[in-house]
Amino acid sequence: MSDRSESPDSDGESGPHSRGDQPPARKRQRVRLSCLECRRRKLSCDRGFPCERCIKSGTPDRCSYESRTGEVVNASAGVPPQFAQLDSRRFGLADAVAGFAQRDPDVLRQDHDRIRRLELEIAQLKTQLLRPGASASFDGSTIAGTNSPATQKEETSPQDADPNAPRPEVQECIDATNASDEKVELRFFRGKGFRTRYFGPHNASMAFVELTGLCPFMRETADEWLRPVIIHDRKDRKRRQEDRELMFDQPDPELEALLPTKEEADALVGIYLDEFEQIHRIVHIPTFKKEYEAYWTPGANKRYAAFTALLLAMMAVTSTVHTHESLKFVGMMSSARHCAEKWIKSADDWHNNQSQKHRRLIHYQVACLLYLAKRVNTYKKKRFWTGSGALIQNGIAVGLHREPSHMANKITIYNQEMRRRIWTTIQEFDMQASFDHGLPTLLSQLHYDTSQPRNLDDDDFDENTTELPPSKPAKEYTYSSFQNLARQSLPLRLELSRLLTGPTSDIDYDQVIRYTNDLTQEIDALPSWDTNVDPTKTKKNPLIAYTLLHVQLRQYIIPLHQPYLKLRKQNSKYQYSEIIYYNAARDIVLLHDKLYEQGIRALNFLREDALTTAINLCSVTMLQPRGSTNMIMINSHHTLKLIEKCLSMKEDRLLRCGNNEPWGYSIMCAALGLLEAHLGTKPSEVAKSSSAERFVNLHYRLLANQEPPTSSSQLAEVGMSMPPPMAAGTSNGLALDVPDRPKSVTPFAFTPSMPSAPLDPSSAPWLMSNGDTTQPFNLEPSLELLGINLNELWGESWELG
């Protein structure tokens, strides 16, 4: 029987021994060919110097062999002389080694060392290329699948998972250890697509990486002891991933029950894509339209809940902007806004119930659309600033503030550009909320390196794009022109935001002049597109982006010069502030008015410029002495027309949304009356009566379209009455003897600047002519039916002033 202790791989000096007369020979210890590290881990070894397993585990310096004499030799330095014969036999090079034996032993050892170092470098390169997300194959060619776009699911198919691959957390730890110095801040940028997570350089994971040997130890422990557990766990994770995919594809009957007809949905979606998408890029229009058509196709089974929530949020943005055939009011709120509020609440509830870990592009699109809908419909106005701040925080948590091309092997070209667009949209939301509330923005102290979105149309790239086209020139208008150009002025706007929200003592007049010049240069650098476009030929309307680009820069001029308006009487140099202040407010009104002439209401509903500029124009004109011949007073009649334009835009918005916040319109009416009294165009009492009548008349128009209609008997119960319109000849209040009249009597008729809604005589008898032209208009009725208390409202308005 052969001796099992002997190995055929030994050096061959031992042979069969006779056991007859001789004493039992001592068993000779065989040569151990595996490295000590693989023997300790009980794994197979290829017996290289160092072996492949030690190289792949990242511990080539721990690979060592035991010689026949018991000496332990480290294998990372190459093949030692005592192992040269074994190494040559292993590779079938015995004859070659014999031929080299005649050479100088030192030269031979240097050759062996050089060969082994080269082999070690090649093995390390192969290890890098075998890692997930590698961008090249063994022969150096690019792997085509690396840049292929992810589907909307944005997750690797469970069937593609390698059962022998390390756990993700172990692999991430190893990858973080090997991160290059120039990308050290991105070492904790995990995930792919939009399912990413960003950790700063001082998070707890940094301590794990800094602990030398921890990652290799975890890898070895997992390979040796936890592999059965890992396989079982991976199967469970695969099942959970499949469950998530099935759940994502499921429809939501409760959300679908809120959808309008397809015809109405088409109209609302069309307005959003034509107007709002030209300033805030949230969806990729061709991709959205493709899914939208499939969504309404019978039997397509494409009605998954996320897209339903996206549609509801999108329609909520344009519900009040859209011109409805018959718009009714419930209380002080229009039926269109009631629908928008219902859609916002439902989509918001759905979005809040989604997993924070398994988010996709569509979840961030829904979040942006919900914020946009809340601003347009003035829904929870006091939360605009905190809402935009929450969007910024969520964007930072997933790394939207970092340039996605740094993670090109995990984020497709399509998702890279969509990440840039979503981040820029969130930035603009927060910048405007910060300006409106006078509070600092989170962006002012944030380091971000995300590039500006390229000036491209959506047709220039899609989900299958492997290389993004170069950005078009700024003079060529695209749907992304606003985002591309707005990013260029963002550093200046951030600096102004820090200045205006900080201590006022830090601002001196020289700084104000310098920042004004910087703003003027940014405005002058904006391209001048052809704004006279035919809407029947193209949906592109450069006037929308042109207006917002100018307005968001000019708005900073007003608070910069505000503190110096009253100092002109002390120092004439501050007269410059009056002129630049007046010009900025005037230009903002004219820009909005030109947009309004084309029937585009997106910016008027998205911003409060009509209110703020009307007050600004009134305040700067009120500071001028009567009879002055300066530029502001000479243009005072033009100023009154500008404020009338602001009131018209505000009235149009209220007649579409409702007047659930009546104080803004009441202040505008009072400001106009105050300015008219100051300029002498109307006596003081007539100006007061005119502003009050204008305010109440708007509410009568809202009341006339109540659903169900308000009957004349209900009006009689609260003591309401309204006269017919006065004759045109009595519209001039200057010729009336106002002091002889009670203050509650209107001495003149008011003709609203906005066209009146069609009225039902049975529901609004007070607006019908009854031939009695002497009936006074009582300005002190009980306005319970209107839902407001006029006395409290006007008292609050004056207190705010």
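The residues of the chain are indexed from 1 along the displayed sequence.
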Give a yes or no on whether the backbone of His401 and the side-chain of Thr450 come within a donor-acceptor separation of less than 3.5 Å.
-> yes
Looking at Leu369, Val376, Leu603, Ile544, which one forms a side-chain contact (heavy atoms from CB on, under 4.5 Å) with Phe276?
-> Val376
Sidechain-backbone polar pair: Ser346 side chain, Lys342 backbone, donor-acceptor under 3.5 Å = yes
Is Ile413 close to Gln416 at the side-chain level, that is, under 4.5 Å between some pair of heavy atoms?
-> yes
For the pair Tyr509 and His561, name the ring-plane relationship: parallel under 30°, tilted 30 to 60°, perpendicular over 60°.
-> perpendicular
Can you find a pair of side-chain heavy atoms, one from His322 and one from Met315, that are under 4.5 Å apart?
-> no
Hey, could you give me the CD/CG distance between Glu495 and Leu500, rounded to the nearest 0.5 Å?
-> 10.5 Å
What is the distance from atom CG of Leu310 to atom SG of Cys368, rounded to the nearest 0.5 Å?
-> 10.5 Å
Between Asp510 and Arg514, is the closest basic N to carboxylate O distance under 4.0 Å?
-> no
Should the pair Arg281-Glu428 be classified as a salt bridge under the 4.0 Å nitrogen-to-oxygen rule?
-> no
Under the 3.5 angstrom rule, does the side chain of Tyr581 hit a backbone N or O of Leu560 as a donor-acceptor pair?
-> no
Where Ser444 and Arg498 come nearest, the two heavy atoms and their spacing = O-NH1, 3.1 Å
Answer yes or no: is there an ion pair linking Asp460 with Lys472, defined by an N-O contact shorter than 4.0 Å?
-> yes
Minimal non-hydrogen separation, Ala585 against Asn616, with atom names = CB-CB, 4.1 Å
Can you establish whether the number of heavy atoms outside Glu254 located under 6.0 Å from its atom CD is more than 12?
-> no
Is Ser319 reaching over with its side chain to a backbone N or O of Ala316, donor-acceptor style, under 3.5 angstrom?
-> no
Partner of Asp436 under salt bridge (charged side-chain N to carboxylate O under 4.0 Å, His left out), chosen from Arg375, Lys382, Lys381 = Arg375
Evaluate the side-chain proximity of Phe435 to Thr501: yes if any heavy-atom separation is below 4.5 Å, no if none is.
-> no
Any side-chain heavy atom of Leu446 within less than 4.5 Å of one from Leu442?
-> no
Heavy-atom side-chain contact between Gln365 and Met418 under 4.5 Å | yes
Would you say Gln427's side chain and Arg487's backbone share a donor-acceptor pair under 3.5 angstrom?
-> no
Is there a side-chain contact between Thr320 and Arg653, using heavy atoms and a 4.5 Å cut-off?
-> no
More than 12 foreign heavy atoms under 6.0 Å from NZ of Lys374: is that the case here?
-> yes
Evaluate the criterion side-chain hydrogen bond (donor to acceptor under 3.5 Å, both in side chains) for residue pair Thr308 and Tyr295; output intermediate values, then yes/no.
-> CA-CA 9 Å; Thr308 307; Tyr295 184 87; 2.7 Å; yes
To the nearest 0.5 Å, atom CD of Gln432 lies from atom CZ of Arg607 at 4.0 Å
Go through Lys345 and Asp349 one step at a time and tell me if the salt bridge (charged side-chain N to carboxylate O under 4.0 Å, His left out) criterion holds.
-> CA-CA 6 Å; Lys345 289 180 180 179; Asp349 291 340; over 6 Å; no
Quick one: does Arg419's side chain get under 4.5 Å of Leu361's, heavy atoms only?
-> no
Measure from the ring center of Tyr414 to the ring center of His284 and say whether it is less than 6.0 Å.
-> yes
Drop me the distance from Asn455's CG to Gln483's CD, to the nearest 0.5 angstrom.
-> 10.5 Å
Main-chain N/O of Ala373 paired to Asn377 side chain as donor or acceptor, under 3.5 Å = yes
Between Arg421 and Asp458, is the closest basic N to carboxylate O distance under 4.0 Å?
-> yes
Only residue of Asp587, Thr613, Asn583 satisfying side-chain hydrogen bond (donor to acceptor under 3.5 Å, both in side chains) with Arg554 is Asp587
Are side-chain heavy atoms of Ser355 and His363 found at a separation under 4.5 Å?
-> no
With distance as the sole test, does Asn352 use its side chain to make a donor-acceptor pair with the main-chain N or O of Asp348 at under 3.5 Å?
-> yes
d(Tyr448 OH, Leu490 CG) to nearest 0.5 Å is 4.0 Å
How long is the gap from CZ on Phe307 to OH on Tyr292, to the nearest 0.5 Å?
-> 8.0 Å
How close do Trp529 and Ala545 get, heavy atom to heavy atom, and via which atoms?
-> CZ3-CB, 4.2 Å
Six-ring centre of Phe248, Arg360 cation under 6.0 angstrom, axis tolerance 45° = yes
Check: Ile600 main-chain N/O paired with Glu275 side-chain donor or acceptor under 3.5 Å = no
